[in-house]
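Report on one structure; see the data block that follows.
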Amino acid sequence: MLWPDVEIDSSLAPLVCMGIAGQPGPLVAVRHSLQRWAAYTGLSAPDVADLVLASYEALANAVEHAYPSGGGPVDLVAARTADGRVLVVVRDYGRWRPPPRDPGSRGRGLPMINTLAHRAEVQQGPHGTQVRMEWQLSTAVEAAGRARDEAR
Amino acid sequence: MSYFDSPSAGDVEPEDLRVTAETRGPAVILAVAGEVDMLTAAQLEQKIRASLASQPQILVVDLSKVEFFASAGMNVLLSTREATGETTLFRVVATGNATLRPLRIAGLTDYLAVYESLDAALIES
């Protein structure tokens, strides 16, 4: 289980992309899938744009840093939770290498993820890195969703 | 409709970036359309380098038709800022969630001359 602590909203199928080849090319299709999926979450347009960009940066980080020789597997899972959040987890199975002291042009990914997501958490372990990002649905949208559910 | 897309290694979508150059008075305008990511950023960099060869007084990179702009694209803008130095005025047009928002979030609007329309970028010649 990716999220033992989370109850997934079963009315929206999670987006599951497992074993993406860790190269720039395959990330394009994943990003487009995520863009289409995110439009159904009820997030605002700026939040959808932030989600797609932050998730892409996490994928790009995995491709650039986890697999220096290229091509290792990367997973992305996105789901809406029963309590009105949208979660995206990006996971790789590479060796985490600490960012260089002078991050230069390459150190922009993680700080951007931290700003773009309402909450972000990076877990590094001996078997890979997991970036977990979270966006809160606005209460107006949640209220509309509840009203719709009640009307059924 | 299924969300269970699971792209594999062979599932590479065609690169989607179009860059057209136009000279208007002292300015070279590069109109960029499509998606700038780690795959297409090099293409953008190449076009910019080619435009700088003629040492224009002003270089405008117009991102108003860009639908996605990743940090790979930001690196290109920053290296262009360095490359232009004193010889060429480097200006960027960005608007909306896809480009202006990430540029602001990354703090690049403090470094680069960013305008919200091409007209605004050209008015200060």
Side-chain angles (χ1 to χ4, degrees), chain A residues 12-38 40 44-57 59-61 63-64 70-71 73-79 104-117, chain B residues 1-17 34-45 48 63-83 94-112:
Chain A
L12 179 68
L15 177 73
V16 180
C17 301
M18 305 295 270
I20 305 156
Q23 290 158 353
L27 300 191
V28 180
V30 175
R31 185 177 78 228
H32 291 165
S33 299
L34 184 63
Q35 174 95 48
R36 287 192 293 272
W37 180 86
Y40 287 88
S44 68
D47 277 347
V48 167
D50 289 357
L51 178 148
V52 173
L53 178 55
S55 305
Y56 182 78
E57 293 298 329
L59 291 167
N61 258 353
V63 168
E64 285 187 338
V74 183
D75 300 336
L76 177 144
V77 179
S105 61
R106 303 225 158 221
R108 205 159 286 111
L110 275 182
M112 273 185 64
I113 289 168
N114 281 320
T115 316
L116 290 164
Chain B
M1 169 171 188
S2 165
Y3 295 123
F4 293 91
D5 307 50
S6 202
S8 63
D11 207 2
V12 179
E13 298 198 357
E15 289 189 30
D16 191 20
L17 189 75
E35 303 183 309
V36 181
D37 59 15
M38 63 192 302
L39 202 61
T40 60
Q43 211 178 319
L44 176 61
E45 184 154 42
I48 290 175
L63 302 175
S64 25
K65 296 225 166 72
V66 168
E67 291 136 29
F68 180 77
F69 198 76
S71 65
M74 297 181 188
N75 296 339
V76 173
L77 296 184
L78 286 176
S79 65
T80 304
R81 174 74 188 82
E82 279 165 30
T95 166
N97 293 333
T99 51
L100 184 57
R101 191 176 163 82
L103 288 178
R104 279 205 178 121
I105 283 171
L108 262 66
T109 44
D110 300 335
Y111 268 115
L112 303 170

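Residue numbers begin at 1 in each chain, while the letters A, B, ... track the order of the sequences.
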*At their closest point, which heavy atom of A:A45 faces which heavy atom of B:N97, and how far apart are they?*
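Closest approach of A:A45 to B:N97: C-ND2, 3.9 Å.
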*Minimum-distance pair of heavy atoms, taken over all atoms of A:L53 and B:A70*: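 Closest approach of A:L53 to B:A70: CD1-CA, 3.8 Å.
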_Does B:R101, at its CZ atom, have more than 12 non-hydrogen atoms belonging to other residues, nucleotides or ligands within less than 6.0 Å?_
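Yes, enclosed.
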*With a 4.5 angstrom heavy-atom cut-off, which part of A:P46 approaches chain B: side chain, backbone, both or neither?*
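Contact with chain B: backbone and side chain both.
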*Pick one of side chain, backbone, both or neither for A:V52, based on which atoms fall under 4.5 Å of a heavy atom in chain B.*
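Both backbone and side chain of A:V52 come within 4.5 Å of chain B.
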_Evaluation steps, side chain to side chain contact (heavy atoms under 4.5 Å, CB included), between A:Q23 and B:L39_ = CA-CA 9 Å; A:Q23 290 158 353; B:L39 202 61; over 6 Å; no
_Quick check: do B:M38 and A:V28 have side-chain heavy atoms less than 4.5 Å from each other?_
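Not touching, per the 4.5 Å side-chain cut-off.
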*Heavy atoms, side chains only, cut-off 4.5 Å: are B:D16 and A:H32 in contact?*
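They are not in contact (no side-chain heavy atoms under 4.5 Å apart), so the answer is no.
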_Residue among A:G71, A:P111, A:P24 with most heavy-atom pairs under 4.5 Å to chain B_ =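 Sorted descending by pairs with chain B, the first entry is A:P24.
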_I'd like to know which of A:V48, A:L34, A:D50 tops the heavy-atom pair count under 4.5 Å against chain B._
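Of the candidates given, the most pairs with chain B belong to A:D50.
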_salt bridge (Lys or Arg N to Asp or Glu O under 4.0 Å): pairs with one or both residues in residues 34-45 of chain B, sequence neighbours excluded_ =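 Passing the test, one end in residues 34-45 of chain B: A:R31-B:E35, A:R31-B:D37, B:E45-B:R49.
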*Pairs in or reaching into residues 63-73 of chain B: which pass salt bridge (Lys or Arg N to Asp or Glu O under 4.0 Å), with residues at least two apart or in two chains?*
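Residue pairs passing salt bridge (Lys or Arg N to Asp or Glu O under 4.0 Å), neighbours aside: none found.
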_From CA spacing to verdict: side chain to side chain contact (heavy atoms under 4.5 Å, CB included), A:R108, B:L78_ = CA-CA 12 Å; A:R108 205 159 286 111; B:L78 286 176; 2.9 Å; yes
*Once you round to the nearest 0.5 Å, how far does CG of A:N61 lie from OG of B:S71?*
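Reported to 0.5 Å precision, the distance equals 7.5 Å.
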